[in-house]
Amino acid sequence: MTDAAAPSRNKVISNPYIHRLQRRHFLLFDIAPIIGTVAALALLPVLPFGATEIALLAGMWLVSGLGITVGYHRLFTHRTFRATPFAESMLAITGSMAGQGGVVSWVAIHRRHHEFSDRDGDPHSPNLSGDGLRGVLRGLVHSHFLWMRRHEYPNIAHYAPDLLRNRRLVNVSRHYYWWFALGVAVPTVVGGLVHLSWQGALAGLLWGGFVRVFLLEHIIWAINSFLHRWGSKPYESRENSRNGAVFSLLTFGESWHNNHHAFPSSPNFGLQWYRPDPGYWLIRGLSAVGLVSDLKNPAAEQIAAKRIRTDERKAAA
Ligand SMILES: [Zn+2]
Ligand SMILES: [Zn+2]
């Protein structure tokens, strides 16, 4: 039997073809938005920039960001609730617009992150690059950004068999590039129509496309990098995940990252009413109109049981 015939038993796949695809994705979706953002700033004096561009940036940022946290993360990776086929497809499509890979690959990588968090095998831990300031900086850059250039690809047959059985979802995932293109085309066309000019279209492309992708990526990546290093840790979990309360609105609730590692099957990352979690607000809204159901919130006693007492936290600090 050749190697190619037996990959379904392997947990990760590493070969030149996969690494070529990773490099291409990195250049197109991670480097290009940086260039586009610089271009948007450089062209400010000659292109329109006003309410339209800000609305396109904010609107597309909301749509694609909620697609990632509610769809890619809370629904498809962790199955924290159930969704109708229509809601499933919409969440997968809007998540694809973020440019963070097709849903099946994203889920496989993230499930591997939970399996090996902050240990060998974690695709993006900031804590495995050595000690001292140099190690800290190398770990941060790796976990934030550079790991995507080239990494062991988690075998989707091992990590996401449930998704592979869903033919509709596999179909959405296969067309990832087209959904991403749609997410860039919409602000371009709207910008062009509002200003009735090519300059308007270009401004829509830059602000609703490149700048929006750039900002969303770095906000989401900061969870992988900074929030596995600094922040508060109210709940017991075996890895070094932390909460960053001040970023909760900006990250759609993703910055309750310690809560999430402690209770990965909870759709509510905030866990308590006083911790704002916009992703969960959307889930509640979708539930109210019948598009999602079966929210697997942990019981108050389960949450209390994992709570680290303040004196223990002080002792650990
Ligand atoms: Zn997760
Ligand atoms: Zn994590």
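Since we're looking at a predicted model, the values are computed, not measured. We count ligands from 1, going down the list as the structure has it; atoms in each ligand are counted the same way.
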May I ask you to decide whether Glu236 forms a salt bridge with Arg307, counting only side-chain N to carboxylate O separations under 4.0 Å?
no
The atom of His113 among N, O or S that is nearest the Zn ion (ligand 2) is NE2
His110 NE2 and His78 NE2 subtending at the Zn ion (ligand 1) (10° steps)
110°
Between His257 atom NE2 and His228 atom NE2, the angle centred on the Zn ion (ligand 2) rounds (to 10°) to 100°
Salt bridge or not for Asp162 and Arg111, using N-O below 4.0 Å?
yes
On the ring face of Phe81, is Lys296 found with NZ or CZ under 6.0 Å from the centre and within 45° of the axis?
no
For the Zn ion (ligand 1), decide whether His114 has an N, O or S atom at a distance under 2.8 Å.
yes
Can you tell me if His261 has an N, O or S atom under 2.8 Å away from the Zn ion (ligand 1)?
no
Measure from NZ or CZ of Arg112 to the centre of the six-membered ring of Tyr159 and say whether it is under 6.0 Å with the direction within 45° of the ring axis.
no
Which N/O/S atom belongs to His73 and is the closest one to the Zn ion (ligand 1)?
NE2
Just checking, Arg275 and Trp256: is the charged tip under 6.0 Å from the six-membered ring centre and within 45° of the axis?
yes
